[in-house]
Enquirer: 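I have a structure I would like to understand better, so I am pasting it below and will then ask my questions one at a time.
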There are 2 protein chains.
Amino acid sequence: MLRLSKLTDYAVVVLAGLDRAERNRRVMAVPEIALASGLAEPTVAKVLKILGQAGLVEGLRGARGGYRLGRALHEIPLSDVIVAFDGPIALTACVDGASGGCEAEAMCPVRGRWDPVNRAIRDALAHVTIADLAGPARCHGTPAALVLNA
Amino acid sequence: MLRLSKLTDYAVVVLAGLDRAERNRRVMAVPEIALASGLAEPTVAKVLKILGQAGLVEGLRGARGGYRLGRALHEIPLSDVIVAFDGPIALTACVDGASGGCEAEAMCPVRGRWDPVNRAIRDALAHVTIADLAGPARCHGTPAALVLNA
DNA sequence: GGAAACCGGACGCACTTGGTCCTATTTGGA
DNA sequence: TCCAAATAGGACCAAGTGCGTCCGGTTTCC
Ligand code: FES
Ligand code: FES
């Protein structure tokens, strides 16, 4: 359905919640983040694990541990979050060297023609930051709407 | 995975195949299209049925029947095909009035903020025509790449 | 040393997707 | 008039995958 997974959606919410702690230079533990975001605790944990692997958040282990933002929200492009959860951004299975995903591979008239479309989607998603999605604070200079509707 | 369904992919191939018949003002039957596109016959039939419901192709019933393009390929935006197979183009479940798809609905900080992103994707997809994907013939004036990478 | 917290992976349920097939309806031709 | 050809529409089942949950292991502070 051209939809990204729920986890990706949750990730944005979690990141937005973490941002509030960031301003106080605190770390937040999972239960606290779950409460702040209204999501189930195990789900939040899973989201943060994946975000950690992608380097978007930093996890501090041990007692009094928690999570902290790896970068500021306005430096995290939406595409990074999507890639972390949904894998590479490509509309079709038959891109570049990926053979075998398609049945009409031999005589296919659209072989490789999706590439410009994929690149366009990637670009659009790369120019939106999580800060644009998280709140009314404009920290990027150009609001997302301006860039996107050009 | 931000992927569109295989059926959508096949639809583009099928439409490209139909275009060759269109130039001769002929109609093509399912077996012929299947042969031309290299796809399985029942699959092609299913694709054409859906395309017919969307008005993108016209089916002529009875003996000597077949399928014909509803419009020229360069007048069919990619978004129309995607909508026919994958439903409305929206990255997240929580758009506009669609409540219930999300758990953190009450206190969600990103409620409604996806809309500009969705609109951007929709616009990008609406400016690519099937003709852009189907072959080297440029019939739209501006090639897709130019519009997309602006 | 114990408690608190993250880390990594495995498991199972459930939904969606895809491919196939069958029947009804329509139309052209013998 | 009757039959063959071809679409229309839906039902059906199998496979894959996303999603939520849980558990044991490891690290760090008190
Ligand atoms: S190779 Fe996949 S649709 Fe052509
Ligand atoms: S309402 Fe769905 S993420 Fe906010």
Side-chain angles (χ1 to χ4, degrees), chain A residues 1-11 13-14 18 21 26-35 37-68 70 82 84-87 92-93 100-104, chain B residues 1-11 13-14 18 21 26-35 37-68 70 82 84-87 92-93 100-104:
Chain A
M1 319 186 188
L2 202 56
R3 301 244 162 97
L4 35 77
S5 66
K6 277 190 190 176
L7 274 299
T8 311
D9 196 0
Y10 296 158
V13 180
V14 166
L18 260 180
R26 287 196 311 116
V27 296
M28 285 177 90
V30 167
E32 193 183 359
I33 303 175
L35 212 59
S37 59
L39 298 169
E41 210 168 294
T43 303
V44 172
K46 186 172 200 171
V47 167
L48 285 167
K49 271 184 279 189
I50 299 177
L51 285 174
Q53 288 173 346
L56 298 176
V57 301
E58 186 187 359
L60 305 183
R61 302 169 66 151
R64 305 284 305 247
Y67 284 99
R68 189 197 306 165
I82 295 179
F85 286 88
D86 298 339
T92 61
C102 190
E103 297 190 359
Chain B
M1 315 191 189
L2 202 55
R3 300 243 162 99
L4 34 78
S5 66
K6 278 190 190 176
L7 275 299
T8 311
D9 196 0
Y10 295 159
V13 180
V14 167
L18 260 181
R26 287 196 311 117
V27 296
M28 285 177 90
V30 167
E32 193 183 359
I33 303 175
L35 211 61
S37 59
L39 298 170
E41 212 169 292
T43 303
V44 172
K46 187 173 199 171
V47 166
L48 284 167
K49 272 183 276 191
I50 300 177
L51 285 174
Q53 288 172 346
L56 299 176
V57 301
E58 186 187 358
L60 305 184
R61 302 169 66 152
R64 307 283 303 248
Y67 284 97
R68 189 197 306 166
I82 296 179
F85 286 88
D86 298 339
T92 61
C102 191
E103 298 189 2

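Letters go in sequence order (proteins before strands), and every chain restarts at 1. Computed from a prediction, not measured in an experiment: that's the story for all the values here.
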Enquirer: Does the C:dG9 base have a donor-acceptor partner in the side chain of A:Lys49 within less than 3.5 Å?
Expert: yes
Enquirer: Sequence neighbours left out, what passes side chain to side chain contact (heavy atoms under 4.5 Å, CB included) with B:Pro31? Give chain and number order.
Expert: B:Ala29, B:Glu41
Enquirer: Going by number, which of residues 52-62 of chain A have a non-hydrogen atom under 4.0 Å from DNA chain C?
Expert: A:Gln53, A:Gly59, A:Leu60, A:Arg61, A:Gly62
Enquirer: Between B:Tyr10 and C:dG19, is there a side-chain N or O to OP1/OP2 distance below 4.0 Å?
Expert: yes
Enquirer: To the nearest angstrom, how far is B:Asp86 atom CG from C:dG18 atom C1'?
Expert: 13 Å
Enquirer: From B:Leu2 CG over to A:Ile82 CD1, what is the distance, rounded to the nearest 0.5 angstrom?
Expert: 6.0 Å
Enquirer: To the nearest 0.5 Å, how far apart are CD1 in A:Ile33 and CG in A:Leu48?
Expert: 4.5 Å
Enquirer: Would you compute the distance between atom CD1 of A:Ile50 and atom CG of A:Leu7 and round it to the nearest 0.5 angstrom?
Expert: 5.5 Å
Enquirer: Would B:Val47 and B:Phe85 count as a side chain to side chain contact (heavy atoms under 4.5 Å, CB included) here? Give the steps.
Expert: CA-CA 9 Å; B:Val47 166; B:Phe85 286 88; 4.0 Å; yes
Enquirer: Is A:Thr43 near enough to D:dC19 that one of its side-chain N or O atoms lies under 4.0 angstrom from OP1 or OP2?
Expert: no
Enquirer: To the nearest 0.5 Å, what is the distance between CG on B:Asp9 and CG on B:Leu4?
Expert: 7.0 Å
Enquirer: Given atom CD of B:Glu41 and atom P of D:dA8, what is their separation to the nearest angstrom?
Expert: 15 Å
Enquirer: Rounded to whole angstroms, how far apart are CG on B:Asp9 and C1' on C:dG19?
Expert: 16 Å
Enquirer: Rounded to whole angstrom units, what separation is found between the CD1 atom of B:Ile50 and the P atom of C:dT20?
Expert: 14 Å
Enquirer: Does B:Tyr67 make a side-chain N or O approach to OP1 or OP2 of D:dA8 shorter than 4.0 Å?
Expert: yes
Enquirer: Does A:Arg61 have any salt bridge (Lys or Arg N to Asp or Glu O under 4.0 Å) partners at least two apart in sequence or in another chain, and if so, which?
Expert: none
Enquirer: Nearest-Å distance, CZ (A:Phe85) to C1' (D:dT17)?
Expert: 17 Å
Enquirer: A:Lys6 NZ to C:dC15 P: how many Å, rounded?
Expert: 10 Å
Enquirer: Provide a list of protein-nucleic acid N or O atom pairs under 3.5 angstrom, restricted to nucleotides 10-13 of chain C.
Expert:
none

Enquirer: Figure out the CZ/C1' separation between B:Arg68 and D:dA6, and round it to whole Å.
Expert: 15 Å
Enquirer: Using heavy atoms to find the nearest nucleotide of DNA chain C for A:Ala63 and B:Pro42 separately, return the residue whose nucleotide is more 5′.
Expert: A:Ala63
Enquirer: With sequence neighbours left out, write down each residue that passes salt bridge (Lys or Arg N to Asp or Glu O under 4.0 Å) with B:Arg26, or none if nothing qualifies.
Expert: B:Glu32
Enquirer: Would you mind reading off the distance between A:Leu2 atom CG and C:dT16 atom P, rounded to a whole angstrom?
Expert: 17 Å
Enquirer: What pairs of donor and acceptor atoms, side-chain ones from residues 53-60 of chain A against any protein atom, are under 3.5 angstrom apart with sequence neighbours left out?
Expert:
none

